[in-house]
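Computed from a prediction, not measured in an experiment: that's the story for all the values here.
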Amino acid sequence: MSDQRTALVLGGGGITGIAWEIGVLTGLAEAGVDLTNADLVVGTSAGSVVGAQVTGGAGLDAMFARQLEPPAEGEVARMSRANLARYAWALLTSRGRDVEFRRRIGRLAITAADSGLTPPEQERLDVIGARLVGSDWPDRALTITAVHATTGEFHAFDRTSGVPLLQAVAASCAVPGVYPPVTIDGERYVDGGMRSAANADLAHGYDRLVVLAPIVRGIGPLASVDAQVSGLVARVAVVSPDEASRAAIGRNVLDPAARAPSARAGRAQATEVAARVAEVWTG
């Protein structure tokens, strides 16, 4: 086992995705399967927050307890029908070309932000910063994904990239049309989920892989989790929300009121998948 390298991939899925992933990690640890000791952690969007927390030394008990706190009052973010229609149009007109799709989505994000339709960038940085353990990259291997809003180029940030951790995570969480792009060295970046909901292929070369994916499906140029892990490693387990977790998450993944139910559902689901995950992680 000592030469078997492990990777934990944490996918995107909004506020409820953060809560569900923390619930699953907590429940698995209680069942004797601690995924937080992975040799590599890959985080996309919601997963970037969870990944930064676990590699930064946050304890699962404290992380889980925070998900149960009453949400702060304020307007609830949501993906509007108009925004969904723009996503659909970008998919249709990109004709399966992934970079072109990401360019179109990036333009959508920039236009929305410059028109004042999304919160100010600094406000989002403050929100994300409050979720992190600290401002420094952890010593452990952590990869955070994002997309260049102008070129559509995919980026995988880590502690060698020279990008501050806060900006990397905030960029990975910058859902186009809902949250503003994040500025890094004068360039603007958006959600890493615009390439894939999990970007599991970044775990290439690792021997044992567990993917926690609130969203597993792919559409058009967006690769599905199953497609990315197929043939990637000999041992892989993909965990996605079961029926009870989907019910807890609800229709709006950005609704803080669904955070606590999502965390509890993920923790309960962990007992059902623990044996399968343990077989991959330690078997």
Under the criterion side-chain contact (heavy atoms from CB on, under 4.5 Å), which of [options] is the partner of [X]?
X: Val273; options: Val210, Val239, Val33; result: Val239
X: Leu209; options: Leu232, Leu40, Val42; result: Leu232
X: Pro181; options: Val147, Thr150, Val190; result: Val190

How close do [X] and [Y] get, counting heavy atoms only, and between which atoms?
X: Ala168; Y: Trp137; result: CB-CZ2, 3.8 Å
X: Leu212; Y: Glu21; result: O-OE2, 3.5 Å
X: Ser196; Y: Ala223; result: OG-O, 3.6 Å
X: Ala237; Y: Val280; result: CB-CG2, 3.8 Å
X: Ala203; Y: Ala7; result: CB-CB, 3.8 Å
X: Ala52; Y: Leu132; result: CB-CD2, 3.8 Å

Quick note, side chain to side chain donor-acceptor pair (under 3.5 Å) partners involving residues 22-42, not counting sequence neighbours, are Thr6-Asp39, Glu30-Arg267, Asp34-Thr36, Asn37-Trp281

Mind jotting down which residue pairs meet the side chain to side chain donor-acceptor pair (under 3.5 Å) criterion with at least one end in residues 172-188? Sequence neighbours excluded, please.
Asp114-Arg188, Glu121-Thr183, His148-Glu187

Mind running side-chain contact (heavy atoms from CB on, under 4.5 Å) on Ile18 and Arg131 for me, showing each step along the way?
CA-CA 11 Å; Ile18 293 173; Arg131 296 173 180 169; 4.0 Å; yes

For the backbone of [Y] and the side chain of [X], can you confirm whether one donor and one acceptor N or O come within less than 3.5 Å of each other?
X: Thr271; Y: Ala268; value: yes
X: Gln228; Y: Ala200; value: yes
X: Arg276; Y: Val238; value: yes

Side chain proximity check, [X] to [Y], heavy atoms < 4.5 angstrom:
X: Ile15; Y: Val253; result: no
X: Val277; Y: Leu35; result: yes
X: Arg264; Y: Leu68; result: yes
X: Val9; Y: Asn199; result: no
X: Leu222; Y: Arg217; result: no
X: Pro138; Y: Arg159; result: no
X: Val216; Y: Ser240; result: yes
X: Thr111; Y: Ser115; result: yes

For the side chain to side chain donor-acceptor pair (under 3.5 Å) test, which of Arg104, Arg97, Arg102 pairs with Glu100?
Arg104

[X] [atom1] to [Y] [atom2] distance, which is reported to the nearest 0.5 Å:
X: Leu165; Y: Ile144; atom1: CG; atom2: CD1; result: 6.5 Å
X: Ser48; Y: Ile128; atom1: OG; atom2: CD1; result: 7.0 Å
X: Leu10; Y: Thr143; atom1: CG; atom2: OG1; result: 11.5 Å
X: Leu60; Y: Leu25; atom1: CG; atom2: CG; result: 6.0 Å
X: Thr282; Y: Arg235; atom1: OG1; atom2: CZ; result: 9.0 Å
X: Thr16; Y: Arg251; atom1: OG1; atom2: CZ; result: 13.5 Å

For residues [X] and [Y]: do they belong to one hydrophobic cluster (side chain heavy atoms under 4.5 Å, members Ile, Leu, Val, Met, Phe, Trp, Tyr)?
X: Met194; Y: Phe154; value: yes
X: Trp20; Y: Ile215; value: no
X: Val182; Y: Leu117; value: no

Please test Ser224 against Asp226 for side chain to side chain donor-acceptor pair (under 3.5 Å), starting from the C-alpha separation and ending with a verdict.
CA-CA 5 Å; Ser224 69; Asp226 286 346; 5.6 Å; no

Given side-chain contact (heavy atoms from CB on, under 4.5 Å), test Leu254 with Val178 step by step and report yes or no.
CA-CA 10 Å; Leu254 302 176; Val178 178; 3.8 Å; yes

Please determine whether a side-chain nitrogen of the Lys or Arg among Arg195 and Asp201 lies less than 4.0 Å from a carboxylate oxygen of the Asp or Glu.
yes

Please walk me through it: do Phe157 and Tyr189 pass ring pair (Phe, Tyr, Trp, His ring centres under 6.0 Å)?
CA-CA 12 Å; Phe157 299 126; Tyr189 293 82; 5.6 Å; yes

Can you list the steps and then say if Ser262 with Ile249 is a side-chain contact (heavy atoms from CB on, under 4.5 Å)?
CA-CA 5 Å; Ser262 299; Ile249 288 168; 3.5 Å; yes

Go through it in stages, so that I can follow the logic: the residues are Arg208 and Val236, the test is side-chain contact (heavy atoms from CB on, under 4.5 Å), and I'd like the CA-CA distance, side-chain angles, deciding distance and then a yes or no.
CA-CA 6 Å; Arg208 297 169 183 263; Val236 58; over 6 Å; no

